[in-house]
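Counting begins at 1 with the first residue of the sequence.
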Amino acid sequence: MLADELEVPLESVDMVMGDTDLCPWDMGTFGSMTTRFFGPPLRAAAAEAREVLLELAAEKLDVARDQLEVSDGMVANVADPEQKVSYAELVEGQAIARRLDRKAVLESVENFTIVGRPVKRMDAVAKVTGEAKFAGDIRREGMLYARILRPPAHGAALGEVDASGIEAVDGATMVVDGELVAVLHATPDGTDRAITEVEAAWETPELDLDEDSIFEHLLKVAPAGETLDRGGDLDAGLTESTAEARHTYLDGYVAHAPIETHTAVAEFADGRCTIWASTQTPFRLQTEAAETLGLPAEKVRVIPPFVGGGFGGKTANRQAIEAARLAKRTGRPVQVAWSRAEEFFYDTFRPAAVVKIAAGVGDGGRITYWDYTTYFAGSRGAEQFYDIPNHRTAAAPGGWRGGPGTHPFATGAWRAPGNNPNTFARESHIDILAVQAGIDPVEFRLRNLEDKKMRVVLETTANRFGWLEAGAPSGRGQGIALGIDAGTYVGLAAEVDVDPATGKVTVRRLVCAQDMGLAINPQGATIQMEGCLTMGLGYALAEEVRFSGGEVLDTNFDTYEIPRFSWLPKIETVIIDAKNDPPQGGGEPAIIVVGAAIANAIYDAVGARVYRMPMTAERVKEALKRLDV
């Protein structure tokens with residue numbers, strides 16, 4: 001966007017990614033907000049810079065401003081193209097201090113030469129060759145590696161510590177800073193050996209909760225729901241209905257499971273602390289570190305290298321604070337790189353959630369009423385977009401975080417927070433109503449959908465998929481779902497096979513269409529859609545954190561299963577042409593519809609409805625058994 005507005009080649013633009021010394025401010029990367037929130041001010045800045053440069057060129061060339069044109073950073077006299085000057089010659093390496101006395105006019109979409117055309121990732125070569133540096137690749141002179149004494153369960157209190165055994169590890173030292181107990185060594189292997197020599201007594205509280213009993217607990221502690229939206233009269237809608245459905249939908253805790261664990265290096269020099277951290281929120285980390293260390297913010301610099309997966313989990317910066325505290329105590333650079341077990345233990349999981357829906361359908365296949373309450377999924381994705389005259393949408397206060405006593409461990413944002421369970425519940429329920437009305441799921445949605453943009457998304461998805469109209473279950477294994485996230489409208493059609501003997505679900509094909517307004521980089525948007533769909537297979541079919549009280553039972557990928565390449569179906573993506581609409585988010589929307597589309601496809605295949613994610617083989621088999629009762 002900036003290159004197009006400034007009229008320079010794309011490769012001449014260098015983006016500085018969140019360095020707190022080099023950027024005026026950066027909110028972080030989350031919420032699919034980069035394009036929507038930062039794009040407009042970047043374009044405005046570039047447009048003003050372009051106009052100022054043209055003014056400077058007019059003065060230098062002694063030509064009227066309206067006689068000049070610019071291309072690839074070169075300003076030329078239209079009447080005499082040989083009379084020209086480059087941007088570089090105009091600024092002579094100095095910052096531009098001049099401001100316009102008017103508002104710069106932005107380029108029209110029709111004049112874009114870069115925006116809207118597919119561009120490959122500019123960091124791809126560095127990443128595949130290993131040239132790209134992540135936090136774990138940072139090396140500083142005299143650096144120590146740290147391992148920290150961790151509790152066996154959340155809520156455990158530390159008692160006596162016996163660290164005499166670390167004397168057997170040459171060069172190992174121990175640091176105690178309040179509740180932070182760490183061993184340090186000049187090598188990672190040394191710290192790994194030393195931490196096993198530390199013996200500690202812990203007092204672990206009794207908490208009778210696990211991944212199955214958590215839902216009853218959540219409903220028990222949930223406050224009354226706050227109404228987000230309502231219209232019409234629910235009682236009147238119930239009276240008008242000829243059939244109704246009341247169901248509860250469940251979704252367990254899900255880990256972020258990034259390939260790169262939380263990692264940071266901290267170093268003190270000349271009264272300043274510099275932190276290289278795997279983080280999505282460098283400026284938030286700067287504030288947190290400054291408060292922890294007792295320093296003014298300007299004495300803390302955060303440099304974010306490449307991040308090896310975040311998905312919302314690296315908005316939390318515990319590892320960086322730990323590194324900073326240890327660097328302050330030792331006077332040497334310290335690296336804290338979490339093990340996979342630490343990554344699971346301290347992850348801010350996507351919270352378990354419950355959604356309850358009561359709805360009815362009447363004459364002509366029209367939905368007569370819709371009563372929706374979500375507990376600990378939050379409001380994102382809860383608002384329904386169908387044409388329902390009598391409706392109410394409510395959410396338990398506190399959103400997906402909840403209050404004290406809600407969750408047995410930390411929870412946080414996870415790619416499209418809350419929208420995954422909310423869309424799973426809503427779109428599953430819409431299909432159930434379609435079955436009760438005896439109407440094909442696509443046709444049923446069209447009968448209850450006036451939103452023109454969503455209708456186009458639905459029709460595009462169904463047409464590209466080759467949807468065969470039939471009432472579910474048809475035995476074909478086709479399912480569809482719609483959703484809205486980050487301003488983007490998305491539809492997904494799925495084709496699945498279900499093995500009735502084992503309950504195993506195999507996804508054969510996914511077709512996803514989205515209207516995201518002007519697609520700034522269609523190649524980047526396609527990659528994001530494919531990544532969302534791949535990640536979505538995990539939460540839909542396998543990913544669920546197992547725990548007992550405050551003890552997290554999953555410590556690695558031997559028990560916590562994320563999507564594998566062997567799982568991948570044929571994936572087709574469609575970006576609907578909406579170049580005259582403002583650009584919307586692309587990093588999260590496609591993931592929200594995966595669970596519902598697969599659930600609906602499972603029902604279409606075998607007539608069994610699964611109300612809880614992940615839809616494991618065991619849960620599908622249980623649903624099939626209920627058909628025989």
Side-chain angles (χ1 to χ4, degrees), residues 1-6 10 13 15-18 23-48 103-104 106-109 112 114-119 121-122 280-284 304 307 310-312 314-315 378-383 385 399 413-420 422-423 451 453-454 456-457 482-491 512-532 573-593:
M1 284 188 281
L2 188 138
D4 231 337
E5 203 67 58
L6 196 54
L10 181 63
V13 176
M15 301 292 288
V16 178
M17 304 301 285
C23 300
W25 182 72
D26 182 289
M27 69 179 179
T29 175
F30 48 80
S32 298
M33 292 192 286
T34 302
T35 299
R36 295 182 293 154
F37 282 56
F38 281 86
L42 278 174
R43 285 190 64 192
E48 181 163 356
K103 186 175 181 179
L106 299 178
E107 289 277 11
S108 65
V109 175
F112 284 147
I114 302 173
V115 166
R117 291 163 175 76
V119 178
R121 290 189 64 93
M122 300 181 76
Q280 294 175 241
T281 52
F283 278 78
R284 184 191 301 175
V307 177
F311 318 119
K314 286 177 180 168
T315 55
S379 61
R380 187 164 168 176
E383 300 91 341
F385 41 78
W414 190 98
R415 206 166 190 174
N419 209 331
N420 299 298
N422 280 325
T423 296
D451 187 312
K453 184 177 289 189
M454 189 59 88
V456 170
V457 168
L482 305 174
I484 302 173
D485 190 73
T488 291
Y489 287 55
V490 61
C512 185
Q514 66 181 32
D515 182 338
M516 57 190 306
L518 172 65
I520 302 301
N521 178 8
Q523 175 72 12
T526 298
I527 290 170
Q528 290 281 28
M529 292 172 73
E530 293 171 346
C532 278
T573 60
V574 182
I575 299 174
I576 294 170
D577 183 15
K579 63 184 179 183
N580 292 316
D581 293 337
Q584 302 297 331
E588 298 167 284
I591 199 171
I592 68 173
V593 283

What verdict does the side chain to side chain contact (heavy atoms under 4.5 Å, CB included) test give for M17 and T29, after you've listed the backbone C-alpha separation in whole Å, the side-chain angles of each residue and the deciding distance to 0.1 Å? CA-CA 10 Å; M17 304 301 285; T29 175; over 6 Å; no
Side chain to side chain donor-acceptor pair (under 3.5 Å) against [X], all qualifying residues, sequence neighbours excluded:
| X | answer |
| --- | --- |
| R43 | E5 |
| D451 | Y489 |
| Q584 | none |

Side-chain heavy atoms of [X] within contact of [Y], under 4.5 Å:
| X | Y | result |
| --- | --- | --- |
| D581 | K453 | yes |
| V457 | I576 | yes |
| F38 | M27 | yes |
| I592 | R380 | no |

Is there a donor-acceptor pair closer than 3.5 Å between any side-chain N or O of [X] and the backbone N or O of [Y]?
| X | Y | answer |
| --- | --- | --- |
| N419 | A486 | no |
| N422 | G378 | yes |
| D4 | I114 | yes |
| T488 | G585 | yes |
| T281 | T315 | yes |
| Q280 | K314 | yes |

F30 to R284 - nearest heavy-atom pair and separation: CE2-NH2, 4.5 Å
Identify the two heavy atoms, one from C532 and one from A590, that lie closest to each other, and give their separation to 0.1 Å. CB-CB, 3.6 Å
Please enumerate all residues that pass salt bridge (charged side-chain N to carboxylate O under 4.0 Å, His left out) together with R121, with sequence neighbours excluded.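 R121 satisfies salt bridge (charged side-chain N to carboxylate O under 4.0 Å, His left out) with D123 only.
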Are there more than 12 heavy atoms of other residues, nucleotides or ligands under 6.0 Å from atom CE of M122? yes
For residues 514-521, run the donor-acceptor check on the side chains, cut-off 3.5 Å, and write out each pair with its distance to 0.1 Å, sequence neighbours left out.
from : atom 1 : to   : atom 2 : distance (Å)
D515 : OD1    : G517 : N      : 3.0
N521 : OD1    : V119 : N      : 2.8
N521 : OD1    : Q523 : N      : 3.2
N521 : ND2    : V119 : O      : 2.9

Which value, rounded to the nearest 0.5 Å, describes the distance between E48 atom CD and L106 atom CG? 11.0 Å
Quick one: list whatever passes side chain to side chain contact (heavy atoms under 4.5 Å, CB included) with E530, sequence neighbours left out. T526, I571, T573
Qualifying residues under side chain to side chain contact (heavy atoms under 4.5 Å, CB included), relative to L2, sequence neighbours excluded: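 Result, side chain to side chain contact (heavy atoms under 4.5 Å, CB included) vs L2: L6, V13, L42, A46.
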Run the side chain to side chain contact (heavy atoms under 4.5 Å, CB included) check on I484 and M454 step by step: do they pass? CA-CA 9 Å; I484 302 173; M454 189 59 88; 3.5 Å; yes
Sequence neighbours left out, what pairs pass side chain to side chain donor-acceptor pair (under 3.5 Å) with at least one residue falling in residues 31-40? S32-E588
